[in-house]
Number of protein chains: 2
Amino acid sequence: MEKVKITEVGPRDGLQNEKTILSTQDKFEFVKRLVESGTKHIELTSFVRKDRIPQMGDAIELSTLVLPKFASDVEFSCLTPNTKGYEAAKQAGFKEVAVFTATSESFTRKNINMTVLESFTSFQPIFDQAKQDGIKVRGYISTVIACPYEGKIAPEKTLEVALRLLDAGAYEISLGETIGVAVPDEIEKLLEVLLKKIPISYLNCHFHDTYGMAIANTKQALSMGIRSFDSSAGGLGGCPYAKGAAGNVATEDLVYFLTREGYDTGIQLDSLVRVSQFMETKLDRQFSSRTFIAKKNAS
Amino acid sequence: MEKVKITEVGPRDGLQNEKTILSTQDKFEFVKRLVESGTKHIELTSFVRKDRIPQMGDAIELSTLVLPKFASDVEFSCLTPNTKGYEAAKQAGFKEVAVFTATSESFTRKNINMTVLESFTSFQPIFDQAKQDGIKVRGYISTVIACPYEGKIAPEKTLEVALRLLDAGAYEISLGETIGVAVPDEIEKLLEVLLKKIPISYLNCHFHDTYGMAIANTKQALSMGIRSFDSSAGGLGGCPYAKGAAGNVATEDLVYFLTREGYDTGIQLDSLVRVSQFMETKLDRQFSSRTFIAKKNAS
């Protein structure tokens, strides 16, 4: 069976968008259970200012607990918005970090208070240092397809940003369909433009399920050769642009889809469902992943 | 823009699987609002014994209210499990009825207490009479792909049942993926087998979203030429085989997907969202359609 890489973004992208702030011990338990269910790639945390994003305030403590225990079996990454964050991540033992930009000036301005160009200037020292340190850097591009402030985004704009990240030294580009409005035809057009200039093994898709299109978009990307996807357990995180709506595609839906289509994700679905049940209890809320609900109620 | 036919099954397939029994007046209001939102094909009710399915106990009263008012603009259909039901439907003024069978003996036995063969014997008088009366008959096939009791179903079994229904006189076959477990590859294999013997214009797809695969399956069927789909407003109905899980694919998700892919469904999405909001109030429950939730919370 052909392998598909799934990067579990629940501990970072998921928990950052939850109201409840989990204890470091609960986060550790979450990661431990993810590892036990077969997860091999985990975005663990973000090295940001605690006063800005309190959900990620324990980045150092969490990494110090998790990495020595699991880093031999699992690839962990973290967000490093600046060189200070990068140094902390390196100190904690990460072998992979991630930087974050977007296709849209308005979005980049609102999220990291920079222009897209400034974001590259700011990331270059991270890329340079990481190269020396033998640490991989992943480049996130938010708002491919559409931006909550600027509307539709041309594929050429995403291509331009992706090429800059690759030139800077990114080993993988995560294409973030941040607001979850895309349909498969749009994913096809975007990938057609990107694939003229970028080898497919550099590309990852990060879909949100806001309008219920994430699995159809995954099918489209898969049929064009993409073998790397982001998701969060149970759909953890939700959507900051439409209150109560779905955010990240749920790992359960993705694993169900990929496994039934004949791909090997390495993740045990029933075990993952129990991880998300644990998280429902800890966050005192109910997840909306279809596969999670069907499996939970069948057990 | 190419047209796609959507048959709204909320008033029958949806409400039959809801605990709350709506008044005839509320059902009338539901249908009125569906019509106002651009719906052109509605499965209105089922002519069954009231003691068996109390949700459909007002079939005659509802039809008598609805048909004279809306039948000039909208095609209404109803389920007629036997000749008694057929005569009542004809009397009420239906120009289209539907009969119901399945690919699986266990499912047919549990649902209509017949073998698959007996179901055909029982339907033949309906087909014969409908032909004389100039009334169209639609054939539902449940449990294509998989059965809750028998597991995986071979495409050839579905083909056999579909051919019998067409021989009997069905103008359209609704392929019911009753338990919502299918993935696009399975839909592709099923349609490949069917399309060798059946012109595509005779086929409709009826997907359930139990595992979140319905839109991906719709994309697959659409790419193979299917232009007729069933759905229910808000995802009304739920799944009788997994408590709390999703049932019929929501019309909102289907309309969002089709419209954004460039097809004309005739249905106004924002207006339909208000219809489902009305139904949430009447049924005192929350729908799980992703598009419905995103649109509702954005408004």
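Lettering of chains follows the sequences in order, A, B, ..., and the numbering in each one begins at 1.
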Gap separating the [atom1] atom of [X] from the [atom2] atom of [Y], nearest 0.5 angstrom:
{"X": "B:Phe278", "Y": "B:Leu283", "atom1": "CZ", "atom2": "CG", "answer": "9.0 Å"}
{"X": "B:Leu203", "Y": "B:Leu195", "atom1": "CG", "atom2": "CG", "answer": "6.0 Å"}
{"X": "B:Ile6", "Y": "B:Leu258", "atom1": "CD1", "atom2": "CG", "answer": "5.5 Å"}
{"X": "A:Ile21", "Y": "A:Leu15", "atom1": "CD1", "atom2": "CG", "answer": "10.0 Å"}
{"X": "B:Leu159", "Y": "B:Ile173", "atom1": "CG", "atom2": "CD1", "answer": "10.5 Å"}
{"X": "A:Leu254", "Y": "A:Ile267", "atom1": "CG", "atom2": "CD1", "answer": "8.0 Å"}

Residues at least two apart in sequence or cross-chain that pass side chain to side chain contact (heavy atoms under 4.5 Å, CB included) with A:Ala221, listed by chain then number, are A:Ile187, A:Leu191, A:Cys205, A:Phe207, A:Ile226, A:Phe229
The interface call for B:Ala182 against chain A, heavy-atom contacts under 4.5 Å, is backbone
Whatever's closer than 4.5 Å to a heavy atom in chain B on A:Ala214 counts as neither
Whatever's closer than 4.5 Å to a heavy atom in chain B on A:Ala298 counts as neither
Cross-interface N/O pairs, chain A with chain B, donor-acceptor, under 3.5 angstrom:
residue: A:Val181; atom: O; partner: B:Tyr256; partner atom: OH; Å: 2.5
residue: A:Val181; atom: O; partner: B:Arg260; partner atom: NH2; Å: 3.0
residue: A:Asp185; atom: N; partner: B:Glu261; partner atom: OE2; Å: 2.8
residue: A:Asp185; atom: OD1; partner: B:Lys219; partner atom: NZ; Å: 3.0
residue: A:Glu186; atom: OE1; partner: B:Arg260; partner atom: NH2; Å: 3.0
residue: A:Glu186; atom: OE2; partner: B:Arg260; partner atom: NH1; Å: 3.1
residue: A:Glu186; atom: OE2; partner: B:Arg260; partner atom: NH2; Å: 3.3
residue: A:Asp209; atom: OD2; partner: B:Arg290; partner atom: NE; Å: 2.9
residue: A:Tyr211; atom: O; partner: B:Thr291; partner atom: OG1; Å: 3.0
residue: A:Lys219; atom: NZ; partner: B:Asp185; partner atom: OD1; Å: 3.0
residue: A:Lys243; atom: O; partner: B:Asn297; partner atom: ND2; Å: 2.1
residue: A:Tyr256; atom: OH; partner: B:Val181; partner atom: O; Å: 2.5
residue: A:Arg260; atom: NH1; partner: B:Glu186; partner atom: OE2; Å: 3.1
residue: A:Arg260; atom: NH2; partner: B:Val181; partner atom: O; Å: 3.0
residue: A:Arg260; atom: NH2; partner: B:Glu186; partner atom: OE1; Å: 3.0
residue: A:Arg260; atom: NH2; partner: B:Glu186; partner atom: OE2; Å: 3.3
residue: A:Glu261; atom: OE2; partner: B:Asp185; partner atom: N; Å: 2.7
residue: A:Ser288; atom: O; partner: B:Arg290; partner atom: NH1; Å: 3.3
residue: A:Ser288; atom: O; partner: B:Arg290; partner atom: NH2; Å: 3.1
residue: A:Ser288; atom: OG; partner: B:Arg290; partner atom: NH1; Å: 2.9
residue: A:Arg290; atom: NE; partner: B:Asp209; partner atom: OD2; Å: 2.9
residue: A:Arg290; atom: NH1; partner: B:Ser288; partner atom: O; Å: 3.3
residue: A:Arg290; atom: NH1; partner: B:Ser288; partner atom: OG; Å: 3.0
residue: A:Arg290; atom: NH2; partner: B:Ser288; partner atom: O; Å: 3.1
residue: A:Thr291; atom: OG1; partner: B:Tyr211; partner atom: O; Å: 3.0
residue: A:Asn297; atom: ND2; partner: B:Lys243; partner atom: O; Å: 2.1

